[in-house]
Amino acid sequence: MLDLRFVVENRERVLETLRQRGLSVEQVLAQGDPWALDAERRRLLQRVEELRHRQRLAGEEIARRGKAREDASGLKAEMKGVAEEIKELEALLQDVQARLDHVLLLLPNVPDPSVPVGADASANQEVRRVGEPRRFDFTPKAHWDLGPELGILDFDRAAKISGARFAVYFEAGARLERALIQFMLDLHTRQRGYREVIPPYLVTAETLLGTGQLPKFEAELFKTRAGEKDLYLIPTAEVPLTALHRDEILEAADLPRKYVAFTPCFRSEAGSYGQDVRGLIRQHQFHKVELVKLTAPEASLSELESMVADAEEVLKRLQLPYRVIVLCTGDMGFWSAKTYDLEVWLPGQGLYREISSCSTCTDYQSRRSSIRYRPAPKEKPRFVHTLNGSGLAVGRTFIAILENYQQADGSVVIPEALRPYMDGRERITRGQ
RNA sequence: GGAGAGGUGGCCGAGUGGUUGAAGGCGCCGGUCUUGAAAACCGGAGACCCGCAAGGGUCCGCAGGUUCAAAUCCUGUCCUCUCCGCCA
């Protein structure tokens with residue numbers, strides 16, 4: 001969430017952010033006016049603190065008179081009234097605070113000044129293109145044809161077992177998926193300085209509140225129930241990784257903190273009916289290697305650039321053509337201040353498709369989650385900046401390999417970088 | 001799942017309802033001593049929030065309750081540990 005003080009002091013900027021993101025100002029303010037609520041909160045708080053101070057002093061006096069065997073009944077009676085007044089004011093305060101918190105959670109992050117302003121994806125800007133799309137002397141197929149034909153992907157049986165938006169991987173398919181995971185983890189841990197983590201895949205509502213998925217995006221999540229307990233399946237490892245240091249104060253020397261995790265991700269994809277229904281593009285369950293960094297505010301933007309480079313390195317080594325896009329204000333995620341997408345070329349579909357998204361969330365998540373660091377000994381703690389990025393989405397990388405490395409006979413050549421992870425195998429062919 | 005124990009400052013650990021924001025120890029910081037360090041001795045310091053400051057407020061897992069007053073009493077809840085059962 002945004003800093004209350006920032007909101008109070010930068011009313012125009014906050015309203016502008018809502019507009020730039022294509023959100024309705026009226027609709028958000030209908031949930032509560034943060035400026036009016038804050039004024040009310042201050043008024044109540046001041047009064048409560050004053051009474052509490054009186055109560056404390058009177059307590060000491062009563063104790064003193066008790067020892068000295070003096071009468072304190074009048075003071076006690078008076079304090080009873082004060083205690084009641086405090087209770088009443090606190091109830092009011094709690095209500096105002098709750099309403100204020102509620103609105104604050106619904107305000108999105110303020111975009112970085114370098115982000116292009118625009119209403120939707122059409123205002124996104126291409127930053128660079130890397131690699132040349134290969135020329136085919138035959139018509140390249142889409143992975144949803146290639147995979148089943150090779151016997152390594154089975155959507156029909158997945159539908160039988162679990163319904164739409166699931167896939168079964170067989171043999172070389174399963175092996176390729178596993179090789180990609182291993183390859184990416186090795187790259188990020190050995191050469192890019194990330195610490196490997198296996199986090200929980202089920203998290204509490206509180207954790208999701210900290211990263212921003214709740215309360216606004218509950219529909220996208222799978223919720224589980226076991227007895228009295230509600231837990232959510234993670235939509236991305238960003239959630240547990242960012243939450244690792246919730247309620248902690250880190251040392252400046254510990255920054256940047258860099259984590260990489262391979263996890264399955266679960267998304268309900270509510271509201272995407274009819275979109276990307278074929279193939280692996282949009283599944284309820286998919287694999288991702290996720291990068292997360294906690295940094296000092298000053299380092300945020302440069303760390304974002306280097307994170308994008310980390311994700312790009314995977315594509316470069318797999319020799320997949322891609323482009324880098326900077327998302328405009330209207331297309332960015334709710335809690336992001338700046339986002340780069342990597343889009344890989346998919347010849348079977350003739351388009352560039354998102355395969356990674358790297359963002360800095362500045363202090364939006366760290367404030368919600370209370371993740372701080374101490375700039376120097378004795379100094380006041382400050383909120384860290386949180387960054388996250390896919391490094392990469394494994395399923396979509398799988399797609400890219402199938403489509404980019406397909407041969408006229410329907411086989412798929414395995415990129416050299418992956419061969420060590422597949423027993424030196426060079427090619428996936430039907431029936432092997 | 002059953003039975004029990006417990007959650008206090010960076011860590012360990014004491015705490016009779018009222019100068020206890022909290023003894024003591026470890027660790028930490030400063031000093032004495034030493035060529036330097038260690039040891040020893042002396043002194044200092046809880047955290048967070050608001051505030052330029054003075055100062056104020058909050059915090060003994062969390063949330064309620066009793067009371068003039070709660071770390072201390074009551075209720076609920078979460079978590080941890082031990083034993084038993086089950087299980088990858």
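Bear in mind the structure is a predicted one, so any value in this text is a computation, not a measurement. We name chains A, B, ... by the order of the sequence lines, and we start the count at 1 in each one.
Rounded to whole Å, the separation between the P atoms of B/U75 and B/U66 comes to 15 Å. As rounded to the nearest Å, B/U34 and B/A39 have C1' atoms that lie 11 Å from one another. For the C1' atoms, the distance from B/G7 to B/G13 is 13 Å, rounded to whole Å. Rounded to whole Å, the separation between the P atoms of B/U82 and B/G18 comes to 35 Å. When the C1' atom is used for both B/A71 and B/G61, the distance is 12 Å, rounded to whole Å. B/C52 sits 38 Å from B/C68 when the P atoms are compared, rounded to a whole Å. The gap from the P atom of B/A23 to that of B/A47 amounts to 14 Å, rounded to the nearest Å. Comparing the same atom, P, in B/C78 and in B/C62 gives a spacing of 15 Å after rounding to whole Å.
Rounding to the nearest 0.5 Å places NZ of A/K288 at 3.0 Å from OG1 of A/T236.
Taking the six-membered ring where the residue is Trp, the centroids of A/H188 and A/F183 are separated by 6.0 Å or more. In this structure, the ring of A/Y201 has its center no less than 6.0 angstrom from the ring center of A/F266.
No donor-acceptor pair under 3.5 Å is formed between the side chain of A/R195 and the backbone N or O of A/T189.
Nearest-nucleotide assignment on RNA chain B puts the 5′-proximal partner with A/Q94, out of A/Q94 and A/M79.
Among the protein residues, A/E49 comes within range of the sugar-phosphate backbone only, with heavy atoms under 4.0 Å from sugar or phosphate atoms but none that close to a base. At the heavy-atom level, A/E78 lies nowhere under 4.0 Å from the strands shown. In this structure, A/R56 reaches the sugar-phosphate backbone alone: every heavy-atom distance under 4.0 Å involves primed, P, OP1 or OP2 atoms, never a base. In this structure, A/L75 reaches neither bases nor backbone, as no heavy-atom distance under 4.0 Å exists between it and the strands shown. At a threshold of 4.0 angstrom between heavy atoms, the contacts of A/A83 are confined to the sugar-phosphate backbone, with no base atom among them.
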Go through the steps for A/R317 and A/E416 under the test salt bridge (charged side-chain N to carboxylate O under 4.0 Å, His left out), then give the verdict.
-> CA-CA 9 Å; A/R317 294 198 184 198; A/E416 269 180 57; over 6 Å; no

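A 6.0 Å sphere centred on CZ of A/R56 holds no more than 12 heavy atoms belonging to other residues, nucleotides or ligands. Residue-environment remark: CD (A/Q275) exceeds the threshold of 12 foreign heavy atoms within 6.0 Å. Atom CD of A/Q319 sits in a sparse spot, with 12 or fewer heavy atoms from other residues, nucleotides or ligands closer than 6.0 Å.
Regarding A/D247, its CG atom lies at a distance of 11 Å from the P atom of B/C62, rounded to whole Å. Here B/G18 presents its C1' atom at 15 Å from CD of A/E70, a figure rounded to the nearest Å. In this structure, the CZ atom of A/R42 is 11 Å from the P atom of B/C50, given to the nearest Å. Here B/G56 presents its C1' atom at 16 Å from CZ of A/R47, a figure rounded to the nearest Å. The distance between atom CG of A/L57 and atom P of B/U19, rounded to the nearest whole Å, is 14 Å. A/E206 places its CD atom 12 Å from the C1' atom of B/C79, with the value rounded to the nearest Å. If you measure from atom NE2 of A/H53 to atom C1' of B/G57, you get 10 Å, rounded to the nearest angstrom. One interatomic measurement links the two molecules: CG of A/D71 to P of B/C68, which rounds to 14 Å at whole-angstrom precision.
Note on A/K87: a side-chain N or O is less than 4.0 Å away from OP1 or OP2 of B/U66. For A/Q55, a side-chain nitrogen or oxygen approaches OP1 or OP2 of B/A69 to under 4.0 Å.
Below 30°, between 30° and 60°, or above 60°: for A/H284 and A/F166 the angle between ring planes is between 30° and 60°, a tilted geometry.
No side-chain donor-acceptor contact under 3.5 Å links A/H385 and A/Y373.
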Which pairs, protein N/O on one side and nucleotides 46-49 of chain B N/O on the other, fall under 3.5 Å?
from, atom 1, to, atom 2, distance (Å)
B/C48, OP1, A/R374, NH1, 3.0
B/C48, OP1, A/R374, NH2, 2.9
B/C48, O3', A/R372, NH1, 3.1
B/C49, OP1, A/R372, NH1, 3.1

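With pairs defined as Watson-Crick or G-U wobble and both atom distances under 3.5 Å, the stems of at least three pairs that touch RNA chain B come out as B:1-7 with B:78-84, B:10-12 with B:24-26, B:28-32 with B:40-44, B:46-50 with B:55-59, B:61-65 with B:73-77.
Residue A/L221 is tested with A/V203, A/L214, A/L233 for a side-chain contact (heavy atoms from CB on, under 4.5 Å); the sole match is A/L214.
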